[in-house]
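What follows is a short report on a single structure.
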Amino acid sequence: MLGYYTELALRSLKRSPILTALMVLAIGLGIGASMTMLTVLNVMTRDPLPGRSEHIYRPRLNPLPLDYQYKPGTVGGPTTALTWPDAKALLDAHRGVRQAAMARGYLTARSEQSGTAPKTTAGSFTTHDFFAMFGVPFVAGHGWSGQDDADAAPVVVVTRKLAERLFGTAAAVGRTAHLGSHDFQVIGVVEDWHPQPLFYAIIGTNFDDGDEFFLPLSTSMSLHLDHNWDNGWGKDESPTSPTVSWLSFWVQLDSPAQVSAYRQYLVDYSAQQKELGRYERPASEAKLYGLMDWLRHEGLVPNDVMLQTWLALGFLFVCMVNIVALLLAKFLRKGGEISVRRALGARRRDVFQQLGVESALLGLAGGSLGIGLAELGLWTVRQRPNDYAHLARMNGAMLVETVVLAIVVSLLAGLLPAWRACRISPALRLKAL
């Protein structure tokens with residue numbers, strides 16, 4: 001019966017090509033606009049660490065004085081990052097399965113190969129648990145040890161891309177990398193790992209190309225390497241000052257009991273610091289966020305993206321209302337044909353299924369047009385200067401979802417017109433023929 005209904009639907013659509021084109025265009029425009037923004041939203045809200053994110057947490061402490069005034073218009077704030085004394089205390093406590101403190105910075109990479117110009121590269125200064133906690137995939141070698149952290153060892157882990165830039169096709173492990181004005185021994189090479197968003201950064205909403213090198217945090221401090229984030233509220237602006245926040249901190253907790261215990265530890269630590277006179281605010285301001293909760297807390301999705309998404313979905317609803325009106329007019333105009341079918345023995349259910357197949361075909365055609373319009377919309381998004389723009393690409397799953405959404409929308413739009421058409425009295429229509 002499906003083949004028969006499809007044949008009837010195709011004949012019906014061909015009899016009114018202009019009306020059919022209008023409905024396909026309405027579906028395509030609504031689907032194209034909504035899928036463009038839904039794709040961008042999907043890119044910005046996806047899990048950057050699938051399979052691990054549910055075990056990764058971010059502590060938040062608040063050492064600010066009570067009279068501190070936030071500067072209007074600033075992104076983040078001093079409580080977004082940790083001070084060195086706080087980060088070191090959390091590292092030394094070893095309350096998590098793994099924990100790591102980190103900061104990002106930039107160094108100029110100088111290659112030994114002739115003809116390769118120096119290039120400024122982004123990297124992270126971190127502690128040894130970073131690689132195991134986040135599951136960074138190694139191509140060769142390994143990360144550094146806790147002893148290397150203690151000794152401020154001049155070692156580095158580089159990505160495959162940077163290794164090829166520095167050393168060509170030769171093995172990189174054991175070689176010397178010239179970064180900035182210092183030399184470091186390469187002990188490991190990792191895949192070009194750049195989770196999106198770059199969650200472990202200070203604010204955690206960056207959608208850039210990620211890091212190309214990783215250095216021990218203690219080494220960066222001993223060499224006085226520059227990092228790209230700090231917030232101070234006192235006279236002492238040195239990295240080790242208790243009034244300068246510049247470190248991101250993440251901890252791995254594998255069970256609800258560990259999460260509860262760590263959260264209590266943060267409250268107890270804040271209370272202790274308050275008793276010592278260093279903290280002024282209530283200990284209850286100490287928080288522990290899961291990875292995805294932290295990204296939402298830091299405003300992962302800009303307000304303009306959310307607004308545009310809701311506007312696109314509103315436009316899809318308007319298109320859907322118009323399709324309902326067009327289908328209602330089309331199906332009611334077929335009253336004579338439907339009455340003849342009913343008189344020949346067709347049930348209301350059969351007529352309803354026939355009209356449903358016609359609506360689904362409209363959705364399939366509209367979805368195909370919507371894919372093209374969505375791709376055009378995503379191309380325009382990629383021309384924007386936003387850091388997430390280059391990620392606005394539709395994958396295979398989104399392509400399937402686009403077609404499915406178009407068919408569902410057209411079926412929903414056809415429910416009322418099909419129901420009204422099925423309620424036509426055959427006797428009255430046949431008398432009019």
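For clarity, every value in this text was computed on a predicted model and none was experimentally measured.
- Atom CD of Glu237 is surrounded by 12 or fewer heavy atoms from other residues, nucleotides or ligands within 6.0 Å.
- Side chain to side chain, Arg58 and Ser248 meet the donor-acceptor criterion of an N or O pair below 3.5 Å.
- By the 6.0 Å contact criterion, CG on Leu276 is enclosed, its count of non-hydrogen atoms from other residues, nucleotides or ligands being greater than 12.
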Could you walk me through whether Thr20 and Leu362 pass the side chain to side chain contact (heavy atoms under 4.5 Å, CB included) check? CA-CA 8 Å; Thr20 299; Leu362 285 171; 3.9 Å; yes
Expected list for residues 174-181: side-chain donor-acceptor pairs under 3.5 angstrom, two or more places apart:
residue : atom : partner : partner atom : Å
Arg175  : NH2  : Glu112  : OE1          : 3.0
His178  : ND1  : Asp183  : OD1          : 2.6

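- Ala109 and Leu166 get closest at one heavy-atom pair: CB-CD2, 4.0 Å.
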Please tabulate, one pair per line, all N/O donor-acceptor pairs under 3.5 Å involving side-chain atoms of residues 318-327, not counting sequence neighbours.
residue : atom : partner : partner atom : Å
Asn322  : ND2  : Val318  : O            : 3.1

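- Heavy-atom neighbours of Phe317 CZ from other residues, nucleotides or ligands within 6.0 Å: at or below the threshold of 12.
- Under 3.5 Å, the side chains of Asp129 and Thr127 contain no donor-acceptor pair of N or O atoms.
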So Thr240 and Met221, side chain to side chain contact (heavy atoms under 4.5 Å, CB included) or not? Walk me through it. CA-CA 9 Å; Thr240 57; Met221 294 176 68; 3.7 Å; yes
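- Tyr279 and Asp86 share a side-chain donor-acceptor pair at under 3.5 Å.
- By the 30° and 60° cut-offs, the orientation of the rings of Trp193 relative to Tyr200 is parallel.
- In the model, Asp268 has a side-chain atom that pairs as donor or acceptor with a side-chain atom of Gln264 under 3.5 Å.
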Expected list for residues 32-40: side-chain donor-acceptor pairs under 3.5 angstrom, two or more places apart:
residue : atom : partner : partner atom : Å
Ser34   : OG   : Gly30   : O            : 2.9
Ser34   : OG   : Ile31   : O            : 3.1
Thr36   : OG1  : Gly32   : O            : 2.7
Thr36   : OG1  : Ala374  : O            : 3.4
Thr39   : OG1  : Met35   : O            : 2.6

